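Order of listing sets the numbers, starting from 1, for every ligand and every atom in it. Residue indices begin at 1 and follow the sequence shown. As the structure is a computational prediction, the values presented were derived from the model and not from experiment.
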Amino acid sequence: MNYRTVVSLGEKNVDYLLMKYGDLLVIPHRTGIKRAHVSGLFFGYSQSIRFIFIAFVFYIAGIFVKYYGADKERLFTGVYVIFVGAIGSGVSISQLPSMSKAKAAARQVFGIIEEPTRIDPKQPGQTNIPDGKIELKSLLFRYPSRNTNVLNSLNLTIHPNQSVAIVGHSGSGKSTIASLLLRFYDPTLGQLLVDEVPLKDYSMPYLREKISVVMQEPLLFNESIKNNILFGNATANDQRIREVAVMANALGFIQQNDQDLSSKSVQKNLITAFANALNKPDTTVSQFKQ
Ligand SMILES: Nc1ncnc2c1ncn2[C@@H]1O[C@H](COP(=O)(O)OP(=O)(O)OP(=O)(O)O)[C@@H](O)[C@H]1O
Ligand SMILES: [Mg+2]
């Protein structure tokens, strides 16, 4: 959720959400202060120990020079070596809190990466969708982490070449239908068929290749419009890029804003739409707000 999403919920809700957000920040703020004190303590310790150490070493060296006639040059070399060593260990001690924080964060990230998926993205299966009729039959779906049904006995047939808009209030399950079509999840009950064949029986790479998605909040790389489009198909030539820009009704828009394909900012949804068009999918799932 970003600022624009919050604003789209209406002016009154913005204040409410900001208040809720503020409430949520109270605990992190408190732990942040605690953490700053601890690392400050370590930092102060590492800084002061350095000078205490130097003073102590010079004091001892002075005694050696004065009473035992030690060689000043060699003594200075020795002191210098100890001095550099102390700085190194001081700095590394001050980094201890960051190190343990990084370790904990890495554990979380790798935990997510290594989490086994229930649906194998490389699952083999049927690789033939002749017409592309999509049918949802008495479809019931509930997210594994929740107890309530998001979709309840949903029946829907989408015929080949038909454009369908699914409209509903926020949280009514529109994106969920898209996730089911892409097999991010399998239906809890009921059937999801494409050309009379259960979605489960298709090869996953094939199925996902056949569908293109324009997300509600697409990500664009900080690159030219052209390079962003090329993510759909790296081998497309300039003529093809122009063609899909026309298909996505975007070329006029780009030129009207005094930009060309090598400039950087443009409406995200459109760019993603024609990056997908380049890929020539059979089904496009677009998610637009407002
Ligand atoms: N990954 C998830 N795990 C658990 N619950 C989820 C998950 N994703 C969505 N939900 C819940 O499922 C319900 C339907 O969500 P969904 O995102 O499909 O709604 P939507 O119609 O697309 O809404 P919006 O218009 O805001 O995009 C909501 O109550 C939402 O909180
Ligand atoms: Mg949605």
**Student:** Which donor-acceptor pairs under 3.5 Å do the side chains of residues 62-77 make with protein atoms, sequence neighbours left out?
**Tutor:**
from: Asp71; atom 1: OD1; to: Glu73; atom 2: N; distance (Å): 3.3
from: Thr77; atom 1: OG1; to: Glu73; atom 2: O; distance (Å): 3.0

**Student:** Would you mind running through ligand 1 and noting each atom that sits below 4.0 Å from a heavy atom of Thr176?
**Tutor:**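 The list of qualifying atoms is 14 (C), 15 (O), 16 (P), 18 (O).
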
**Student:** With a 3.5 Å cut-off and no angle check, do the side chains of Tyr143 and Thr176 form a donor-acceptor pair?
**Tutor:**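 The criterion, which ignores hydrogens and geometry beyond distance, is satisfied for Thr176 and Tyr143.
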
**Student:** Quick one, Asp186 with Arg118, criterion salt bridge (Lys or Arg N to Asp or Glu O under 4.0 Å). Give me CA distance, side-chain angles, the key distance, then yes/no.
**Tutor:** CA-CA 9 Å; Asp186 281 329; Arg118 285 189 206 184; over 6 Å; no

**Student:** I'd like to check Ile54 versus Val57 (side-chain heavy atoms, cut-off strictly below 4.5 Å). Are they in contact?
**Tutor:**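 Of all side-chain heavy-atom pairs linking Val57 with Ile54, none is under 4.5 Å.
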
**Student:** Quick check: does Ser170 put an N/O/S atom under 2.8 Å from the Mg ion (ligand 2)?
**Tutor:**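 It does not; every qualifying atom lies at 2.8 Å or beyond.
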
**Student:** At a non-hydrogen distance cut-off of under 4.0 Å, which region of Arg146 contacts ligand 1 (side chain, backbone, both, or neither)?
**Tutor:**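 Answer for Arg146: side chain.
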
**Student:** With a cut-off of 4.0 Å, which atoms of ligand 1 are near a heavy atom of Val150?
**Tutor:**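 Once the distances to Val150 are compared, the set is 12 (O), 13 (C), 14 (C).
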
**Student:** Show me the pairs that pass ring pair (Phe, Tyr, Trp, His ring centres under 6.0 Å) and involve residues 154-182, at least two apart or across chains.
**Tutor:**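 Counting only pairs at least two positions apart or across chains, no ring pair (Phe, Tyr, Trp, His ring centres under 6.0 Å) contact touches residues 154-182.
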
**Student:** With a 4.0 Å cut-off on heavy atoms, does Gly168 reach ligand 1?
**Tutor:**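 Checking ligand 1 against Gly168, which is what was asked, there is no heavy-atom contact under 4.0 Å.
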
**Student:** Give the atom numbers and elements of ligand 1 that come within less than 4.0 Å of a heavy atom of Ser145.
**Tutor:**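 Reading through ligand 1 atom by atom, the close ones are 3 (N), 4 (C).
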
**Student:** With atom 3 (N) of ligand 1 as the reference point, say which of Tyr143, Phe141, Tyr185 has the nearest heavy atom.
**Tutor:**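 Going through Tyr143, Phe141, Tyr185 one by one, Tyr143 has the nearest heavy atom to atom 3 (N) of ligand 1.
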
**Student:** Would you say Ile87 and Val91 make side-chain contact, with heavy atoms under 4.5 Å?
**Tutor:**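 The answer is yes, as the side chains (C-beta and beyond) meet within the 4.5 Å cut-off.
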
